[in-house]
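Structure, as structure tokens:
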Amino acid sequence: MSEVFYITTPIYYVNARPHLGHAYTTIAADVAARFARMQGKDTYFLTGTDEHGDKIVKAAAKEDKSPRTYVDAISAEFRKLWPELSITHDQFIRTTDPEHIRVVQYLLQKIYDAGDIYFSEYEGLYCYGCERFYTEKELVDGKCPDHLTEPEKIQEANYFFRMGRYQEWLVDYIHKNQDFIRPERYRNEILAFLREPLEDLCISRPVSRLQWGIPLPFDDRFVTYVWFDALTNYVSALGYPEGDKFTTYWPAAQHIVAKDIIKPHGIYWPTMLKAAGIPVYTHLNVHGYWNIAETKMSKSLGNVVDPLAMKNTYGSDTFRYFLMREMVFGLDASFSEEALVTRINADLANDIGNLFSRVIAMTHKYYGGKVPAPHGTKTASMDFGLKAGALQATETFEEQMPLMAFHKALMAVWAFIGQLNKYIDATAPWELQKNGQQAELDTVMYNLLEGLRIVTGLISPVMPETSVKMQQHLGLEDSQPVRLETLKQWGCLPSGHTLPKAIRLFPRIETKTDADTTPPPPPAPRGLKDAKPAIGIEDVGRMDLRVGHIIRAEAIKKSEKLLKLQVSLGEEIRQVVAGIAQDYSPESLIGLQVTLVANLKPAKLMGVRSEGMILAANGENGLCLASFDRPVQAGSIVK
RNA sequence: GGCGAUGUAGCUCAGCUGGUUAGAGCAUGCGGCUCAUAUCCGCAGAGUCCGGGGUUCAAGUCCCUGCAUCGCCA
């Protein structure tokens, strides 16, 4: 095994704010990086933002900003988000970084000098609305499918990268390196694509059409376009061509990407590297999409899951665990808060949280919190396959993690957690205590704590915060990063030291069952006391509020609070029952202007029909009717 | 239209090169324990392994075909 590990996420295009997909990719890369560190590898983890291109210019214009101001703002959002999700990247690169720009130009020049970039003039159908060319086939009735206008035939010249030249080499390379692109389905997709002749890649845009880009070093009338700029980040970040980091880490490079960008990463990038004389990366790891399930809980979220909101509601570790456990790397998965809550309660609260809690609690009960010493061979019968189970879990974990099979790795850990819970049942420490079987009890309790030590280590790449918390409660030195090697050895937990009291690692989340069909309220927008859930303008619009003039008022017999009012809305007169008798006498109301909810369903109060509702403030000195500071025509709309 | 993938318990999915009564988690029902976050442990029910052919002593697993869903390409 190599001693070095270099992992990257794609650099995220800043025409949109961070969403679930970004979070997943980045967390997956972080988990891989943390695992590599756990293996003792010299690890480098890169992420960043992609900031050039016409979409950015447009998005910036929409917000009335310069591209620079705009990309600074969105890029900052990504940069601020990652620490919230416990992301431990070593570098955050931006394609607007001067060092990156220099490397892109260096690389372009190098490939240009080698003769793999050429200039070519061509004629095409151009839609000015879309600012792009269309092929005949893409058009609908000869018109742009977006703008429904006929594109114009224009001539343009651009620079092209001779990608086709490397097609054979690439096919051959993919055949020789079975796991170059993985999982296999995406490898097959790339190979299928490569069965057709590979066209050369247009890598420029004339400055007349786009200024927000990196100028070609050999022709300043052009800037480089999208992929050439973006992909280069993986080497520019390392200081290619001569940086130490490049020399050290590049040979161990791995990329993680979502399936929508496999072509640039699986085809453009390897051929670019080949043309530049750079060895290709070792693995392209491709994952699927998160489908957002429309459920009761998530309706209010719309179709975008905000990673930060998830973290704030459920916690970073929990969110990370869910994403890693729920998705089979490579396949699509569906996201719903219901599924998330199910995982939290079942896997985290019940399985691991409760296990941790009960073991620590027993340690306090039986030993005053002091870790007992095991009794070795004398109590060997108390093993119940626990040591073997621990090793099995660790080995499976070690096997699956480098394959990005996070769900399988976690399943192995949970199998061991299940075994620990069974172990408690089988050994029944409370019985041992009652029967005075001290040696057995010592061994059992030590084994449980030791088992927890291993669990703590195994979950650390996925749930770093929880892992640290557990380590502290097991009396382990948290300053020491967890090493995989120590998880394969049984008996590393020292005896004799005193543990802190147990804590709830993962509180259960109470779910409302059946009866509750209304979605739980989204958080109130402000910190008001008794704040109600947020509503949209359409909800406000549903209320028909009117100015009413009170023309008659009388008390309702046997009621202390209610008054019967006749309220004029101009065209009609409404009878309204109002609960204001304690603060207003009937006489005092005549002629007052009030606010009336005019479309409230009629109801009977104390046997009296009421066709609306008068609004009033509930102040310290009783009720105060919502009135108007000037005369307003009865029936006027209030909004 | 071409290529490919998938279709297994109510839900989400494991089932490698074909071989005993088809598995796990969640959900459901019952039982047990009491150390623990009303948690944990055990048991149970439930599946024509998409339909139809075929190869084989033996097929969820291989072949053909149909249907459905999805992806890539055009």
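Heavy-atom basis, side chains included; hydrogens, waters and symmetry copies ignored. Computed from a predicted structure; not experimentally measured. Chain letters run A, B, ... following the sequence lines, proteins first, then strands; residues in each count from 1.
Following rounding to the nearest Å, Asn291(A) (CG) and U12(B) (P) show an atom-to-atom distance of 12 Å. For the pair Phe329(A) CZ and U12(B) C1', the computed distance is 20 Å after rounding to whole Å. Rounded to an integer number of Å, the gap from CG of Asp425(A) to C1' of U34(B) is 10 Å. Note: CG (Asp347(A)) to C1' (A24(B)) measures 12 Å, nearest angstrom. Distance Met324(A) CE to G25(B) P: 23 Å, rounded to the nearest Å. Distance CE (Met362(A)) to P (C35(B)): 9 Å, rounded to an integer number of Å. Atoms CG (Asn345(A)) and C1' (C40(B)) sit 15 Å apart, rounded to a whole Å. The distance between atom CD of Glu431(A) and atom P of G32(B), rounded to the nearest whole Å, is 16 Å.
Taking the six-membered ring for Trp and the full ring otherwise, His283(A) and Phe180(A) have centroids separated by 6.0 Å or more.
C43(B): Watson-Crick or G-U partner is G29(B), with both key distances under 3.5 Å. Pair check for U6(B) finds A68(B); Watson-Crick or G-U wobble, both atom distances under 3.5 Å. For C16(B), there is no paired nucleotide, since no Watson-Crick or G-U wobble pair has both relevant distances below 3.5 Å. When Watson-Crick and G-U wobble pairs are counted only if both distances are under 3.5 Å, A36(B) pairs with no nucleotide at all. With a cut-off of 3.5 Å on both pairing distances, the Watson-Crick or G-U wobble partner of C62(B) is G54(B). Checking C49(B) for Watson-Crick or G-U wobble geometry (two distances, each under 3.5 Å) identifies no partner in any strand.
The gap from the C1' atom of G52(B) to that of A68(B) amounts to 15 Å, rounded to the nearest Å. Of the C1' atoms belonging to A59(B) and U17(B), the separation is 14 Å, rounded to the nearest Å. Going from the C1' atom of C67(B) to that of A58(B) covers 28 Å, rounded to whole Å. When the P atom is used for both U61(B) and U48(B), the distance is 16 Å, rounded to whole Å. Taking atom C1' on both A44(B) and G66(B), the two are 38 Å apart, rounded to the nearest angstrom. Look at the P atom in both G60(B) and A22(B): the space between them is 10 Å, to the nearest Å. Spacing between A9(B) and A27(B) at atom C1', rounded to whole Å, works out to 11 Å. For the P atoms, the distance linking C50(B) with G7(B) amounts to 7 Å, nearest Å.
In this view, Gln392(A) and Thr396(A) satisfy the side chain to side chain donor-acceptor pair (under 3.5 Å) rule, not counting sequence neighbours. Tyr225(A) pairs by the side chain to side chain donor-acceptor pair (under 3.5 Å) definition with nothing, not counting sequence neighbours.
Formation of a donor-acceptor pair under 3.5 Å by the Asn233(A) side chain with backbone atoms of Ala230(A) is found in this model.
Backbone-only contact: Asn421(A) has heavy atoms under 4.0 Å from sugar-phosphate atoms and none from a base.
With 3.5 Å as the limit, one finds no donor-acceptor pair spanning the side chains of Thr224(A) and Asp229(A). Between the side chains of Tyr321(A) and Thr466(A), no donor N or O sits under 3.5 Å from an acceptor N or O. A donor atom on one side chain and an acceptor atom on the other are not found under 3.5 Å apart for Asn421(A) and Gln419(A). There is a side-chain donor-acceptor pair under 3.5 Å between Glu337(A) and Tyr314(A).
Distances shown here put every side-chain N or O of Lys408(A) at or beyond 4.0 Å from the OP1 or OP2 atom of C13(B).
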Name every donor-acceptor pair, under 3.5 Å, that has one atom in a side chain of residues 265-274 of chain A and the other anywhere in the protein, sequence neighbours excluded.
| residue | atom | partner | partner atom | Å |
| --- | --- | --- | --- | --- |
| His265(A) | ND1 | Ile261(A) | O | 3.0 |
| His265(A) | NE2 | Tyr234(A) | OH | 2.7 |
| Trp269(A) | NE1 | His255(A) | NE2 | 3.1 |
| Thr271(A) | OG1 | Ile267(A) | O | 2.9 |
| Thr271(A) | OG1 | Tyr268(A) | O | 2.7 |

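Among C26(B), C35(B), U37(B), the nucleotide with an atom closest to any side-chain atom of Arg508(A) is U37(B). In the set C35(B), A38(B), C3(B), C35(B) carries the atom at the smallest distance from any side-chain atom of Lys365(A). Comparing C33(B), U37(B), G25(B) by their closest approach to the side chain of Phe506(A) singles out U37(B).
Listed in residue order, the members of residues 348-359 of chain A having a heavy atom less than 4.0 Å from RNA chain B are Ala349(A), Asn350(A), Asp351(A), Gly353(A), Asn354(A), Ser357(A), Arg358(A).
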Using a cutoff of under 3.5 Å, can you pull out all pairs of nitrogen or oxygen atoms linking the protein to nucleotides 70-73 of chain B, with atom names and distances?
| residue | atom | partner | partner atom | Å |
| --- | --- | --- | --- | --- |
| G71(B) | O2' | Glu189(A) | OE2 | 3.1 |
| C73(B) | OP1 | Lys263(A) | NZ | 3.3 |

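The salt bridge (Lys or Arg N to Asp or Glu O under 4.0 Å) pairs that include a residue from residues 160-172 of chain A are Asp116(A)-Arg165(A), Asp172(A)-Lys176(A), where partners are two or more places apart or lie in different chains.
The existence of a salt bridge linking Lys488(A) and Glu398(A) is confirmed by a sub-4.0 Å separation between a basic side-chain nitrogen and an acidic carboxylate oxygen.
Place Lys434(A) and Lys422(A) on RNA chain B by their nearest nucleotides, and Lys434(A) ends up nearer the 5' end. With RNA chain B read from its 5' end, the first of the two nearest nucleotides for Glu326(A) and Arg185(A) is the one closest to Arg185(A).
In this structure, Lys259(A) fails the cation-pi test against Tyr186(A), since its NZ or CZ atom is not both closer than 6.0 Å to the six-membered ring centre and inside 45 degrees of the ring normal.
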